[in-house]
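Have a look at the structure below, then the notes.
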Amino acid sequence: MKYISTRDQNQTVAPSQAIVAGISPDGGLYLPESIAQISPDVQKSMLEMDYPNRAAEVLSRFLTDFSREELLQYAQAAYSKAKFPSPAVAPVVKVRKTLSVLELFRGPTCAFKDFALQLLPYLLTASLRKNGETREVLILVATSGDTGKAALEGFADVDGTKICVFYPYGGTSNIQRLQMTTQRGLNVMVSAVHGNFDDAQTGVKQIFTDENYRSLLAEKGYLLSSANSINWGRLAPQIAYYYSAYLDMVRQGTIRLGEPINVAVPTGNFGNILAAYYAKLSGLPIARLICASNRNNVLTDFIRTGTYDKNRPFYLTSSPSMDILVSSNLERLLYLLSGSDTEVRRCMDALKNAGRYQISEEVLAKLNADFDCGFADDDQASETIARTYRETGYLPDTHTAVGIRVYEEYRQRTGDDTPSIVAATASPFKFCPSVLNALGFPVPEGDFDRINTLSVKTGLAAPRSLTALCGMPERFPGVVNPDQMRNVIDSML
């Protein structure tokens with residue numbers, strides 16, 4: 001299987017080359033030139049597999065210059081019991097008659113990004129070997145909250161790599177910030193950036209497409225790569241957990257093999273729901289994909305109207321990982337729907353120059369054939385946290401609450417009783433002030449008093465990886481303007 005750029009379909013690379021590069025030299029994103037198919041018979045054979053074997057089975061269809069044995073070895077290391085204590089790795093919990101929750105926060109940083117970023121170091125270092133690359137890899141990451149810590153945790157002290165993470169100053173929860181600024185490892189660097197996530201993400205993309213700077217780094221023995229979901233090595237592992245969730249729903253008796261489900265995903269950068277779309281395209285019986293946004297509802301407007309417009313107010317919300325106005329992975333969806341690199345270039349140029357673009361009625365019809373959407377503001381998310389906990393005993397975080405709320409509104413609006421899953425993207429303990437407020441409990445001053453209070457009031461055990469942050473020294477307190485991001489990299493090197 002070859003991979004092509006969304007902006008130049010004549011430029012082809014092997015899967016391992018796409019993982020090493022992260023982003024195409026033309027600024028486009030890599031994606032497979034054809035969609036691998038996983039037949040019903042293969043899906044049936046996966047029913048009794050554990051999570052690492054399921055992941056290897058799915059990934060072997062997309063990363064064809066890796067053997068299944070290699071991928072299984074990497075998956076077993078990435079999803080070990082030491083890192084993912086739950087036997088299911090990604091448990092599926094039935095919350096209501098038609099609604100289950102896919103818990104993607106049982107890993108070392110309590111967020112769904114762990115599934116890709118525990119595996120990516122194995123994929124990347126193996127890809128370097130496969131391509132005879134001897135330079136040290138410099139990984140650049142822009143994060144709205146969870147990707148940064150998950151990437152740092154995955155790559156800390158991995159030989160042959162350095163990683164530099166940028167996050168928006170004041171744009172994450174304090175626990176998310178502490179997870180990054182206390183990170184251990186000799187090869188890591190973290191910096192806050194004045195502005196929002198889009199400013200940090202734009203800064204990283206500009207560095208990637210600066211040929212003079214890339215050449216300078218190459219002279220110094222460094223190769224640029226990315227651990228954001230612009231890297232296919234980030235996106236591919238996420239496809240696997242939708243297959244695993246479906247198979248677990250079959251094993252639980254919620255559905256029969258071959259019956260359809262709906263998938264609702266709280267998303268800002270569109271990577272997590274795009275992985276579900278790839279699962280659907282490759283044969284998983286997904287009926288509707290429900291895109292859930294917070295108050296920064298640029299994706300909702302796009303799916304409803306076909307107009308993508310980032311020229312709007314930017315809001316800091318209680319679900320900060322979704323506080324995004326430029327959804328990078330939408331570029332891959334545009335290519336999938338239009339089949340045209342020319343159309344993608346037109347849209348991306350318009351977004352860069354005017355901050356907006358419009359797709360054709362034909363492409364919009366294709367989009368609406370598979371996707372539904374909605375958004376929830378902070379008050380609605382808070383109400384959903386309280387009501388879900390009161391009625392079912394299940395405690396969602398702020399992002400998952402957005403997904404649940406949008407799913408509930410979709411079901412009420414359409415009457416669609418198809419069994420559905422909502423991707424639970426983070427632990428409620430990462431957002432204690434908002435969750436405590438929603439439940440009507442007092443909110444103590446200190447972060448760790450808040451974690452303890454939420455644990456005591458709900459009877460849920462707080463994740464050790466969060467409680468262990470208490471008292472850890474902050475190594476990276478710095479904050480820079482977007483035009484100083486390169487200086488941070490230079491000082492690190």
Side-chain angles (χ1 to χ4, degrees), residues 16-25 27 109 113 117 120-144 147-169 172 177 179-195 197 199-231 233-234 328 472-493:
S16 59
Q17 292 172 317
I19 291 172
V20 170
I23 190 171
S24 172
T109 77
K113 309 293 178 72
L117 287 164
L120 184 59
Y122 296 98
L123 295 177
L124 180 58
T125 52
S127 294
L128 293 169
R129 292 193 298 270
K130 288 178 184 292
N131 289 281
E133 182 57 67
T134 58
R135 288 174 291 176
E136 190 165 13
V137 180
L138 171 59
I139 300 159
L140 301 186
V141 176
T143 182
S144 56
T147 291
K149 172 59 180 178
L152 291 163
E153 188 72 19
F155 280 97
D157 290 328
V158 171
D159 290 341
T161 70
K162 291 186 184 296
I163 180 167
C164 186
V165 170
F166 297 97
Y167 69 93
Y169 182 67
T172 69
R177 184 187 67 80
Q179 284 185 298
M180 291 184 281
T181 60
T182 60
Q183 178 65 47
R184 297 172 180 171
L186 298 177
N187 64 334
V188 305
M189 172 65 78
V190 179
S191 177
V193 177
H194 288 297
F197 168 74
D199 297 313
Q201 180 170 250
T202 298
V204 166
K205 284 187 173 181
Q206 288 174 344
I207 292 169
F208 264 100
T209 54
D210 184 337
E211 287 301 325
N212 291 331
Y213 191 53
R214 291 175 72 102
S215 297
L216 178 62
L217 288 172
E219 291 174 11
K220 303 291 185 181
Y222 294 105
L223 172 70
L224 273 181
S225 190
S226 172
N228 280 99
S229 56
I230 56 176
N231 190 321
R234 263 285 310 277
S328 291
M472 288 184 66
E474 291 192 54
R475 297 178 60 198
F476 306 106
V479 54
V480 298
N481 293 321
D483 61 0
Q484 298 172 310
M485 290 169 62
R486 209 181 107 170
N487 297 343
V488 174
I489 299 168
D490 292 342
S491 68
M492 175 192 185
L493 301 180

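Note that the coordinates shown come from a computational prediction; the quantities given were computed from them, not determined experimentally. All heavy atoms count here, side chains included; hydrogens, waters and symmetry mates do not.
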Work out which heavy atom in [X] is nearest to a heavy atom in [Y]; give both atom names and the distance.
| X | Y | value |
| --- | --- | --- |
| Asp490 | Tyr213 | OD1-OH, 2.6 Å |
| Pro473 | Thr182 | O-CG2, 3.5 Å |
| Val158 | Thr125 | CG1-CG2, 4.0 Å |
| Glu136 | Gly160 | CG-O, 3.3 Å |
| Met180 | Gly148 | SD-CA, 4.0 Å |
| Asn231 | Ile19 | ND2-O, 3.0 Å |

Would you please say whether a donor-acceptor pair under 3.5 Å links the side chains of [X] and [Y]?
| X | Y | result |
| --- | --- | --- |
| Asp199 | Tyr169 | no |
| Ser328 | Lys205 | yes |
| Asn228 | Thr147 | no |

Side chains of [X] and [Y] in contact at under 4.5 Å (non-hydrogen atoms):
| X | Y | value |
| --- | --- | --- |
| Arg234 | Lys113 | yes |
| Ser226 | Leu140 | no |
| Asp210 | Arg486 | yes |
| Leu128 | Leu223 | yes |

- Message: Taking side chain to side chain contact (heavy atoms under 4.5 Å, CB included) as the criterion, tell me which of Lys149, Glu474, Arg475 meets it with Thr181.
- Response: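 Exactly one candidate clears the test, Glu474.
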- Please say which of Leu138, Leu124, Ile163, Leu120 ends up in a side chain to side chain contact (heavy atoms under 4.5 Å, CB included) with Ser225.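 Exactly one option meets the side chain to side chain contact (heavy atoms under 4.5 Å, CB included) with Ser225, and it is Leu124.
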- So does Asp159 have more than 12 non-hydrogen atoms from other groups sitting under 6.0 Å from CG?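 No.
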Rounded distance [0.5 Å steps], [atom1] in [X] versus [atom2] in [Y]:
| X | Y | atom1 | atom2 | answer |
| --- | --- | --- | --- | --- |
| Gln183 | Phe155 | CD | CZ | 12.5 Å |
| Asn187 | Thr161 | CG | OG1 | 4.5 Å |
| Tyr167 | Gln179 | OH | CD | 12.0 Å |
| Ile207 | Thr202 | CD1 | OG1 | 11.0 Å |
| Leu216 | Glu219 | CG | CD | 6.0 Å |
| Asn131 | Gln17 | CG | CD | 4.5 Å |

- Message: Apply side-chain contact (heavy atoms from CB on, under 4.5 Å) to residues Ser127 and Val20 and explain how you reach the verdict.
- Response: CA-CA 6 Å; Ser127 294; Val20 170; 3.6 Å; yes
- Walk me through it: do Leu152 and Val190 pass the test side-chain contact (heavy atoms from CB on, under 4.5 Å)? CA-CA 9 Å; Leu152 291 163; Val190 179; 3.6 Å; yes
- Could you go through the side-chain contact (heavy atoms from CB on, under 4.5 Å) check for Phe166 and Val488 one step at a time? CA-CA 10 Å; Phe166 297 97; Val488 174; 3.9 Å; yes
- Mind running side-chain contact (heavy atoms from CB on, under 4.5 Å) on Met485 and Val193 for me, showing each step along the way? CA-CA 8 Å; Met485 290 169 62; Val193 177; 4.1 Å; yes
